[in-house]
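Proteins come first, then strands; the chains are lettered A, B, ... in the order of their sequence lines, and each starts at number 1.
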Amino acid sequence: MGHAVGGGAPGLLDPANQSREGLVAGLDPRVRIIIAAAFAVAVVSFSRLDVLASALAIAVGVMLLAHLPVAQTVRRVVAMDAFIIFMIAMLPFTVPGEPVFEVFGMPASREGFLQALTIALKATAIVMMAMALLGSMEAVTLARALRSLGMPERLVHLILFTVRYIDVLHQEYRRLRTAMKARGFRPANSRHTYVSFGYLIGMMLVRALERSERILQAMKCRGFSGRFFLDDDWRLQAGDVAASFVFAALIAGLIYLEVAGVIVF
Amino acid sequence: MHIVDGALSAPVIVVGSALAVVGIGIGLRQMPMEKIPAAGVLSATFFVASLVHVPIGPSSVHLIVNGLAGLVLGWAAFPALFVGLLLQAVFFGFGGLTVLGVNTFNIALPAVIVYYVCRPGIVGGSPRAAALWGALGGALAIALTTVLVGLALAFSGEEFVPAAKLVFFAHIPVMAIEAALTGAAVFLARRVKPELFAVISSKPKEA
């Protein structure tokens, strides 16, 4: 087994869409980052439900253009942190206002319900857009694009190393779990379980450190002098400019709806 | 504890992001190129660890292990945890984009606090004493993260306060689990490879 990374096994960070086809895959990575960021900033500042629903529709549209498996992506988006879902679900009962229904004698307010809905729409629209535009590219491409947008070089190197080793370490984790299982370990609610998981993570850290020492030696052996070369020769194509205009128009349209308060459909 | 987009008010997002940028800047300054491979591999380890499900009652929780990250990485926990959150948001859909700074701050500041409070006990004493300090660090980091998440929500709107209080109490078992786990991890690392606690966080001048 050694250090071989199984060629066939899908990696944790593999883009969901492997085909490299479609309108989104052809766009410049930097343009995709800027669009996703602009969309996120615009959407969090909206408050009208119809505007947010339109934003969600746009995000779903881009997801379809990116050829993402819709059902699987939606399942991932809905699987949010349980505690955050709980906080949002509590809102109808903690925001004062006109009661609309009762659960176990607790009145739920219309205002609180609308606020919970607003948060859910914003979170879903932004995450879907991010996964459609950014999650569909290689993690390494994302890091390089961030560099050419001005992210500090060392932070980009940290991203590259992390991305490179996440799959290696995940396989190591699975090997260690298999070894534990072979010795009869079954997770339960016991101190033994938690301590065993602690040893597991401690062991992974120790091995990771030894691995990083070998990596640094190998790098020095090849004449590493403290700099990687990240320069990519990306040039904006006509399609990138067109996509930027389309998204700028869509976002401007949403802002207009939010401010003017009219909905056209 | 990933806050999602849309829950926080604009001032909270701006202040949280600014503080995260400062933290990441300090962390990067302690991380010369020589240490990037170690920081990257350790940051990947914490990423994988955060995917581990641990049983709790009839359900299970994801680990955060930010206490352990602080003990091993010091200020470098800021950039390392930021990278993890960025990748989780983009590739898994956990958390969000506009809240990246706030989420980084909420998880990394407790890591740095644990580094200052608990690291002397871990480097100095016996492995057994180190395990106790590690356990304290594991629990402290989760407690502080829950408080920071609660504060971020409370500054955004009073209606979150009751839920934030409940979430703090609901996290007491999680604190106990992370304490046991971090203590065990520290115990093992102290016996097998004590240098682990000096890779990134030692003063750069001797590197």
Side-chain angles (χ1 to χ4, degrees), chain A residues 13 36-37 40-41 44-45 76-77 80-81 83-84 86-87 90-91 94-95 112 118-119 122-123 126-127 130-131 134-135 139 142 152 154-155 157-159 161-163 165-166 169-170 173 187-189 191 193-195 197-199 201-206 208-209 211-212 215-216 219 226, chain B residues 1-7 10 24 28 31 33-34 36-45 47-49 52 54-57 65 68 72 79-80 83 87 89-94 96-98 153 159-160 162-164 167 170 177 180-186 188-189 192-193 195-196 199:
Chain A
L13 298 181
V41 171
V44 280
S45 48
R76 278 184 160 186
V77 170
M80 275 190 285
D81 193 302
F83 288 104
I84 297 297
F86 171 74
M87 284 210 178
M90 283 271 289
L91 281 174
T94 52
V95 178
T118 307
I119 294 175
K122 286 181 183 180
I126 294 174
V127 160
M131 290 182 82
L134 310 179
L142 177 70
R154 270 190 242 164
L155 191 52
H157 291 319
L158 184 64
I159 298 179
F161 267 102
T162 309
V163 165
Y165 286 100
I166 279 176
L169 290 165
H170 190 243
Y173 164 71
N189 284 295
R191 188 166 176 271
T193 302
Y194 305 134
V195 169
F197 273 112
Y199 287 153
I201 288 170
M203 199 61 222
M204 283 181 64
L205 285 173
V206 168
L209 185 63
R211 186 187 296 275
S212 79
I215 295 166
L216 187 63
M219 282 162 59
Chain B
M1 300 241 48
H2 298 57
I3 300 179
V4 294
D5 283 314
I24 292 171
L28 286 179
M31 218 165 56
M33 267 304 173
E34 286 263 303
I36 296 265
V41 178
L42 292 172
S43 141
T45 313
F47 185 93
V48 172
V52 175
V54 170
I56 174 171
V65 285
L68 191 56
V72 174
V83 170
L87 296 174
V90 170
F91 291 98
F92 296 170
F94 295 160
L97 291 188
T98 59
L153 288 165
E159 62 275 11
F160 287 112
V167 163
I177 290 175
L181 203 144
T182 308
V186 166
L188 179 120
V192 180
K193 197 154 178 96
E195 310 97 279
L196 183 66
V199 211

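Heavy-atom pairs under 4.5 Å with chain B peak, among A:Leu142, A:Val206, A:Ile215, at A:Val206. Considering only heavy-atom pairs separated by less than 4.5 Å from chain A, the leading option among B:Ile24, B:Leu87, B:Val192 is B:Leu87. Of the listed residues (A:Ile201, A:Val95, A:Ile126), the one with the most heavy-atom contacts under 4.5 Å to chain B is A:Ile126. Taking chain B as the reference chain and counting heavy-atom pairs below 4.5 Å, the highest number among A:Leu91, A:Leu158, A:Val41 is found for A:Leu158. Chosen from A:Met219, A:Lys122, A:Met131, the residue pairing most often with chain B at heavy-atom distances under 4.5 Å is A:Met131. Across A:Pro152, A:Ala139, A:Gly112, the residue that shares the most heavy-atom pairs under 4.5 angstrom with chain B is A:Ala139. Chain B forms more heavy-atom pairs under 4.5 Å with one residue of A:Met203, A:Arg191, A:Met90 than with any other, namely A:Met90. Among B:Gly96, B:Gly183, B:Ala89, B:Ala184, the residue making the largest number of heavy-atom pairs under 4.5 Å with chain A is B:Ala184. The most heavy-atom pairs under 4.5 Å with chain A, out of B:Ala49, B:Pro162, B:Ala180, B:Ala10, come from B:Pro162.
When all heavy atoms of B:Leu196 and B:Ala189 are compared, the pair lying nearest together is CD2-CB, 3.6 Å. Minimum heavy-atom separation, B:Pro55 to B:Ile177: O-CD1, 3.9 Å. When all heavy atoms are compared, the tightest approach of A:Ala36 to B:Leu97 is O-CD1, 4.1 Å. In terms of heavy atoms, A:Met204 sits closest to B:Thr45 at CB-CG2, 3.9 Å. Residues B:Leu153 and B:Ala7 share a closest heavy-atom pair of CD2-CB, 4.3 Å.
Contact of A:Leu134 with chain B is made through backbone and side chain together, with heavy-atom distances under 4.5 Å. Proximity to chain A (any heavy atom under 4.5 Å) is shown, for B:Thr182, by neither the backbone nor the side chain. With a threshold of 4.5 angstrom between heavy atoms, B:Val41 approaches chain A through its backbone and through its side chain. The contact between A:Tyr173 and chain B is made entirely by side chain atoms (from C-beta outward), counting heavy-atom distances below 4.5 Å.
The aromatic rings of A:Phe161 and A:Tyr165 sit parallel, their planes meeting at an angle under 30°, below the 60° perpendicular limit. Using cut-offs of 30° and 60° on the angle between ring planes, the pair B:Phe92 and B:Phe47 is tilted.
Residues B:Val83 and A:Leu155 form a side-chain contact, since some pair of their non-hydrogen atoms from C-beta on lies under 4.5 Å apart.
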task: Carefully, step by step, assess A:Tyr194 and A:Asn189 under the rule side chain to side chain contact (heavy atoms under 4.5 Å, CB included).
output: CA-CA 8 Å; A:Tyr194 305 134; A:Asn189 284 295; 3.3 Å; yes
